[in-house]
Amino acid sequence: MRTWTHVGRCWTNGEPFLALDADLLPDWSGETEGHYEQLVPDLGYEVTSVPVGAGRAALLLTDAEVGDEGWLEIYRADDGAVAVLQVNAGDYPAALQAALAHPDDAGDPGDHVAVPSGRLAFISAALDGAGVQAAPLVPEAPRATPTSDAYDERQDDAGGPLLRATAHGFRIWVQWRTELAGDALFARWLLAPASGDFSSR
């Protein structure tokens with residue numbers, strides 16, 4: 001069983017986020033070159049990654065049935081896996097733990113993404129990856145499980161956290177709107193360590 005550590009969070013107003021190799025950041029211009037507007041017509045639950053430069057980025061397409069806005073909570077496991085959770089629940093900490101406990105194959109299998117630099121960055125797809133219109137990245141930092149889903153500017157990791165990727169490739173597993181006990185709902189994007197050819201979808 002994996003042991004999970006909370007390492008970052010970022011607030012979304014409904015826009016998707018990207019998880020990508022940090023070396024690809026200069027190749028994404030969500031705002032200044034309209035990459036985000038070009039992406040929007042192709043967005044759908046079946047899309048789990050998008051091309052960025054010479055590589056691909058995992059697409060974290062927020063689930064409107066879970067919430068129109070809210071936190072994306074980012075966890076790292078002791079085996080190198082990374083999980084991103086979108087949760088709507090009265091008992092927020094309990095729902096986060098329950099979502100993490102779901103097995104990998106509870107979600108739908110998606111694409112592979114490579115992280116050859118060993119640095120995995122999370123950015124809003126609506127912003128640039130680098131330059132004036134890019135939000136600053138925050139190095140990952142272990143922290144306690146969040147106790148609330150209320151917005152707190154002090155806890156907003158702006159462009160998102162920058163993680164040390166112990167795996168140089170991941171398989172994406174996406175679990176859309178899932179009910180838990182009571183009123184709790186969650187969606188999960190699991191990046192499971194993988195090896196092999198990541199050059200194609």
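A quick note: this is a predicted structure, and the numbers were derived from the prediction, not measured. When reading the values below, keep in mind they use all heavy atoms of this one structure, side chains included, and skip hydrogens, waters and symmetry mates. Residue indices begin at 1 and follow the sequence shown.
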If you take all heavy atoms of [X] and [Y], which pair is closest and at what distance?
X      : Y      : value
Gly90  : Asp183 : N-OD1, 3.4 Å
Gln38  : Pro41  : O-CD, 3.4 Å
Gly14  : Thr62  : O-OG1, 3.0 Å
Leu120 : Ala165 : CB-CB, 4.3 Å
Pro146 : Pro93  : O-CG, 3.5 Å
Leu18  : Ala125 : CG-CB, 4.1 Å

Quick one: does [X]'s side chain get under 4.5 Å of [Y]'s, heavy atoms only?
X      : Y      : result
Phe186 : Gln175 : yes
Asp128 : Ser29  : yes
Leu185 : Leu180 : no
Phe122 : Pro161 : yes
Leu190 : Ile172 : no
Leu61  : Val47  : no
Ile123 : Leu20  : yes
Tyr75  : Thr5   : no

Any chance you could measure [X], atom [atom1], to [Y], atom [atom2], to the nearest 0.5 Å?
X      : Y      : atom1 : atom2 : answer
Ile74  : Trp189 : CD1   : CH2   : 11.0 Å
Thr12  : Leu72  : OG1   : CG    : 5.5 Å
Phe17  : Leu127 : CZ    : CG    : 7.5 Å
Tyr92  : Ser148 : OH    : OG    : 8.0 Å
Leu25  : Leu137 : CG    : CG    : 6.0 Å
Leu191 : Arg171 : CG    : CZ    : 11.5 Å

Would you please indicate yes or no on a ring centroid separation below 6.0 angstrom for Trp28 and Tyr36?
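No, the ring centres sit 6.0 Å or more apart.
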
Step by step, would you call Trp176 with Thr178 a side chain to side chain contact (heavy atoms under 4.5 Å, CB included)?
CA-CA 6 Å; Trp176 297 110; Thr178 302; over 6 Å; no

Take a 6.0 Å sphere around CD of Glu37 and say whether it holds more than 12 heavy atoms from other residues, nucleotides or ligands.
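Atom CD in Glu37 is not crowded, with 12 or fewer foreign heavy atoms closer than 6.0 Å.
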
How are the rings of Trp71 and Tyr151 set to each other: parallel, tilted or perpendicular (split at 30° and 60°)?
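Parallel, since the angle between the ring planes stays under 30°.
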
Checking the side chain of [X] only, and the main-chain atoms of [Y] only, is there a donor and an acceptor separated by less than 3.5 Å?
X      : Y      : answer
His6   : Gly8   : yes
Ser49  : Asp111 : no
Arg188 : Leu85  : no
Thr32  : Gly30  : no

Check the pair Asp149 / Val87 against side chain to side chain contact (heavy atoms under 4.5 Å, CB included), numbers first and verdict last.
CA-CA 8 Å; Asp149 61 355; Val87 170; over 6 Å; no

Do Val66 and Trp173 sit in the same hydrophobic cluster, where Ile, Leu, Val, Met, Phe, Trp and Tyr count as joined when their side-chain heavy atoms come under 4.5 Å apart?
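Hydrophobic grouping puts Val66 apart from Trp173.
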
Tell me the salt bridge (Lys or Arg N to Asp or Glu O under 4.0 Å) pairs involving residues 63-77, sequence neighbours left out?
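Those involving residues 63-77 are Arg9-Glu73, Glu65-Arg177, Arg76-Glu140.
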
Do Asp23 and Arg119 pass the salt bridge (Lys or Arg N to Asp or Glu O under 4.0 Å) test, and can you show the C-alpha distance, the side-chain angles, and the key distance before you say yes or no?
CA-CA 8 Å; Asp23 284 356; Arg119 298 177 300 141; 2.6 Å; yes

Holding to salt bridge (charged side-chain N to carboxylate O under 4.0 Å, His left out), I want the full list of residues that pass it with Asp79, two or more places apart in sequence or in another chain.
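With neighbours one apart ignored, the set is Arg2.
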
In chain order, what residues pass the side-chain hydrogen bond (donor to acceptor under 3.5 Å, both in side chains) check against Ser117, with sequence neighbours excluded?
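So Ser117 forms a side-chain hydrogen bond (donor to acceptor under 3.5 Å, both in side chains) with Asp21.
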
